[in-house]
Amino acid sequence: MPVLPVLYQDEHLVAVHKPAGLLVHRSLIDKYETRFAMQAVRDQLGKTVYTIHRLDKPTSGVLLFALSQDVARKMTEQFTLGKVTKTYRAIVRGFTPAEGLIDYPLKEKLDKIADKQARMDKPAQPAVTAYRTLAQYELPYPVRPYKTARYSVLELYPQTGRKHQIRRHMAHIRHPIVGDVNHGDGKHNALLREQFDFKGLGLCAWRVDLIHPVSEKTLSIEVETEPRFDALWEQWHSYQIKG
């Protein structure tokens, strides 16, 4: 079981840096998986932990757990009421505008196994994601029909919490996240894998801002570094577009 870097810990909460490829907890969707973030944190701390929110298996970044049922209830309420601010970073195909707001309702994505009891005719739900562009790169590698490959690094602020919202929204505006096998661009995914050894999804839950459920003070928890991203940006440094 992997040892997960602890980003924050007190007697009520613990936040860890979940790596890409690790499930938060056991799921019917991936019933043969044997490693889970919840189990890893429990073993590291030697105490029971309670899930507050989830990150998709291919998404890395800040993952919060409560250390009591009461704190878990309070934090779940914060997430439900939209009082928790989540900031993501992503690498996407193409040059994006300096900033933007994606207001595009999403149909609920249902899994044939885990969601087999759910309604299949639910209407699309409101979904909003804001973003700003942090950096842009143009690489001298042709990706048909273009002579070069262009990428942007974004900071994203989901204002709703639909399933796979960021991935689906970026695909909707034709700037899919690199490494996304379901909503992305296979040619660009292959280029980054072969030329830069970048594997997996280019999406990280970079920061979480919340109200501490006991002290009621504002708390910001952030990933200081993401090795997968850092290695790629170091290789891309000479190709950065100066804004």
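Every heavy atom of this structure was used, including side-chain atoms; hydrogens, water molecules and symmetry mates were not. Quick caveat: nothing in here was measured; it's all calculated off a predicted structure.
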Asker: Between the side chain of Lys18 and the main-chain N/O of Leu64, is any donor-acceptor distance below 3.5 Å?
Answerer: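 Checked: no pair found.
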Asker: In a table with atom names and distances, give each donor-acceptor pair under 3.5 Å that connects a side chain of residues 190-201 to protein atoms at least two apart or in another chain.
Answerer:
none

Asker: In the hydrophobic clustering (ILVMFWY, side-chain contacts below 4.5 Å, transitive), which residues join Tyr146, or is it alone?
Answerer: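 Members besides Tyr146: none; it forms no cluster.
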Asker: Determine whether Trp236 and Ile91 make a side-chain contact, defined as any pair of heavy atoms from C-beta on separated by less than 4.5 Å.
Answerer: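 SC-SC contact between Trp236 and Ile91 confirmed.
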Asker: Would you indicate whether the side-chain heavy atoms of Tyr88 and Leu55 approach each other to under 4.5 Å?
Answerer: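 Of all side-chain heavy-atom pairs linking Tyr88 with Leu55, at least one is under 4.5 Å.
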Asker: Quick one: list whatever passes salt bridge (charged side-chain N to carboxylate O under 4.0 Å, His left out) with Arg42, sequence neighbours left out.
Answerer: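 In terms of salt bridge (charged side-chain N to carboxylate O under 4.0 Å, His left out), with neighbours along the sequence ignored, Arg42 is linked to no residue.
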Asker: First locate atom CD1 of Ile102, then atom CD of Gln165, and finally report the distance between them rounded to the nearest 0.5 Å.
Answerer: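 Answer for the CD1-CD pair, Ile102 versus Gln165, is 8.5 Å.
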Asker: If hydrophobic clusters are built from ILVMFWY residues whose side chains come within less than 4.5 Å, do Val178 and Leu134 share one?
Answerer: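 In one cluster: yes.
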Asker: Given side-chain contact (heavy atoms from CB on, under 4.5 Å), test Ile173 with Tyr131 step by step and report yes or no.
Answerer: CA-CA 12 Å; Ile173 65 169; Tyr131 71 86; 4.1 Å; yes
Asker: Could you check if a side-chain atom of Leu67 sits within less than 4.5 angstrom of a side-chain atom of Lys47, using non-hydrogen atoms only?
Answerer: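 Of all side-chain heavy-atom pairs linking Lys47 with Leu67, at least one is under 4.5 Å.
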Asker: Please list every donor-acceptor pair under 3.5 Å in which a side-chain atom of residues 215-224 meets a protein atom from a residue at least two apart or in another chain.
Answerer:
from   : atom 1 : to     : atom 2 : distance (Å)
Ser215 : OG     : Lys217 : N      : 3.3
Ser220 : OG     : Asp209 : OD1    : 2.3

Asker: Once rounded to the nearest 0.5 Å, what's the spacing between atom CG of Leu210 and atom CG of Leu13?
Answerer: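 Leu210 CG to Leu13 CG: 6.5 Å, rounded to 0.5 Å.
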Asker: Taking ring-ring contact (aromatic ring centres under 6.0 Å, His included) as the cut-off, I'd like each qualifying pair that reaches into residues 199-232, sequence neighbours left out, listed once.
Answerer: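 Qualifying pairs: His12-His212, Phe229-Trp233.
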Asker: Ignoring hydrogens and geometry, is there a side-chain-to-backbone donor-acceptor pair from Thr80 to Thr76 under 3.5 Å?
Answerer: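 Judged by distance alone, yes, a pair lies under 3.5 Å.
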Asker: Determine the minimum heavy-atom distance between His183 and Ala171, stating which atoms define it.
Answerer: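 Shortest heavy-atom contact: O-CB, 3.5 Å.
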Asker: Between Cys204 and Glu226, what is the shortest heavy-atom contact and its length?
Answerer: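 Taking every non-hydrogen atom into account, SG-OE1, 3.7 Å.
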Asker: Inspect the contact between Arg167 and Asp56 and indicate whether a charged nitrogen and a carboxylate oxygen are less than 4.0 angstrom apart.
Answerer: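 Yes, this pair counts.
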Asker: As a quick check of understanding, evaluate side-chain contact (heavy atoms from CB on, under 4.5 Å) for Ile211 and Gln78, giving each step before the final call.
Answerer: CA-CA 8 Å; Ile211 300 169; Gln78 274 197 53; 3.9 Å; yes
Asker: Could you note down all residue pairs passing ring-ring contact (aromatic ring centres under 6.0 Å, His included) where residues 45-87 supplies at least one of them, sequence neighbours left out?
Answerer: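 Pairs touching residues 45-87 that pass the test: His53-Phe79.
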Asker: Will you find, in the side chains of Thr96 and Thr133, an N or O donor that is under 3.5 Å from an N or O acceptor?
Answerer: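 Looking only at side-chain atoms, Thr133 and Thr96 do form a donor-acceptor pair, the distance falling under 3.5 Å.
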Asker: Nearest heavy-atom pair of Ser60 and His17: which atoms, and what distance?
Answerer: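 That closest heavy-atom pairing would be CB-NE2, 4.4 Å.
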Asker: Please answer: with hydrophobic residues joined when any side-chain heavy atoms are less than 4.5 Å apart, are Val41 and Val6 in the same cluster?
Answerer: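 The answer is yes; both residues are in one hydrophobic cluster.
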Asker: For Gln44 and Leu4, indicate whether the former's side chain and the latter's backbone hold a donor-acceptor pair under 3.5 Å.
Answerer: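 A pair under 3.5 Å: yes.
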Asker: Hey, could you give me the CG/CZ distance between Leu156 and Arg132, rounded to the nearest 0.5 Å?
Answerer: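 Result: 10.5 Å between the selected atoms.
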Asker: Please check if any side-chain donor atom of Gln159 sits under 3.5 Å from a side-chain acceptor atom of Thr129, or the reverse.
Answerer: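 Not at all, the side chains of Gln159 and Thr129 share no donor-acceptor pair under 3.5 Å.
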Asker: Can you give me the closest heavy-atom contact between Val143 and Ala149, atom names plus distance?
Answerer: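 Reported closest heavy-atom pair: CG2-CB, 3.9 Å.
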Asker: Could you tell me the separation between the OG atom of Ser68 and the CZ atom of Arg73, rounded to the nearest 0.5 Å?
Answerer: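 So the gap between those two atoms works out to 9.5 Å.
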Asker: As an exercise, state the distance from NE2 of His188 to CZ of Arg150, rounded to the nearest 0.5 Å.
Answerer: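 Output value for this atom pair is 11.0 Å.
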Asker: Starting from Val128, walk the hydrophobic network (Ile, Leu, Val, Met, Phe, Trp, Tyr; side-chain heavy atoms closer than 4.5 Å) and list everyone else you reach, by chain and number.
Answerer: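 Hydrophobic cluster check, Val128: joined to Leu101.
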Asker: Give me the atom names and distance for the closest heavy-atom approach of Val62 to Ala15.
Answerer: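 Minimum heavy-atom separation between Val62 and Ala15: CG1-CB, 4.4 Å.
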Asker: Just jot down the salt bridge (charged side-chain N to carboxylate O under 4.0 Å, His left out) partners of Arg162, sequence neighbours excluded, or say none.
Answerer: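 Applying salt bridge (charged side-chain N to carboxylate O under 4.0 Å, His left out) to Arg162 gives none.
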Asker: Any side-chain to backbone donor/acceptor pair from Gln235 onto Ala231? Under 3.5 Å, distance only.
Answerer: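 Present.
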Asker: When you look at CD of Gln240, are more than 12 heavy atoms from neighbouring residues, nucleotides or ligands closer to it than 6.0 Å?
Answerer: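 Buried by this count: over 12 neighbours within 6.0 Å.
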Asker: Can you sort out the partners of Thr148 under side-chain hydrogen bond (donor to acceptor under 3.5 Å, both in side chains), two or more places apart, ordered by chain and number?
Answerer: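 For Thr148 the side-chain hydrogen bond (donor to acceptor under 3.5 Å, both in side chains) partners, ignoring immediate neighbours, are Glu138.
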Asker: Under 4.5 Å between side-chain heavy atoms, hopping through other hydrophobics if needed: is there a path connecting Val208 to Val71?
Answerer: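 Yes: a chain of side-chain contacts under 4.5 Å links Val208 to Val71.
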Asker: Should the heavy atoms of other residues, nucleotides or ligands under 6.0 Å from CD of Gln125 be counted, would the total exceed 12?
Answerer: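 Atom CD in Gln125 is packed in, count exceeds 12.
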Asker: Not counting sequence neighbours, list each pair that qualifies as a ring-ring contact (aromatic ring centres under 6.0 Å, His included) and has a residue in residues 156-175.
Answerer: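 Matches after skipping sequence neighbours: Tyr104-His172.
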Asker: What is the distance from atom CG of Leu22 to atom CE of Met38, rounded to the nearest 0.5 Å?
Answerer: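 Taking CG in Leu22 and CE in Met38, the distance rounds to 13.0 Å.
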Asker: Within the structure provided, determine whether Val84 and Met75 are in side-chain contact (heavy-atom separation under 4.5 Å).
Answerer: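 Side-chain contact under 4.5 Å: yes.
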Asker: My understanding is that only residues two or more places apart in sequence, or in another chain, count here; which of them pass side-chain hydrogen bond (donor to acceptor under 3.5 Å, both in side chains) with Thr51?
Answerer: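 For Thr51 there are no side-chain hydrogen bond (donor to acceptor under 3.5 Å, both in side chains) partners, ignoring immediate neighbours.
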Asker: With the side chain counted from C-beta on, respond yes when Ser152 and Gln136 share a heavy-atom pair under 4.5 Å apart, and no when they do not.
Answerer: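 Ser152 vs Gln136: side chains touch.
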Asker: Can you list the residues that meet the side-chain hydrogen bond (donor to acceptor under 3.5 Å, both in side chains) rule with Asp103, with sequence neighbours excluded?
Answerer: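 Asp103: no side-chain hydrogen bond (donor to acceptor under 3.5 Å, both in side chains) contacts found.
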Asker: Measuring only between side-chain heavy atoms, which start at C-beta, is Tyr151 closer than 4.5 Å to Val92?
Answerer: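 Not in contact.
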Asker: Would you say the side chain of Met170 lies within less than 4.5 Å of the side chain of Arg93, judging by non-hydrogen atoms?
Answerer: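 SC-SC contact between Arg93 and Met170 ruled out.
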Asker: With distance as the sole test, does Arg144 use its side chain to make a donor-acceptor pair with the main-chain N or O of Lys187 at under 3.5 Å?
Answerer: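 No, because the side chain of Arg144 does not come within donor-acceptor range (under 3.5 Å) of the backbone of Lys187.
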Asker: Mind checking whether Val16 and Leu7 have side chains closer than 4.5 Å, heavy atoms only?
Answerer: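 Not in contact.
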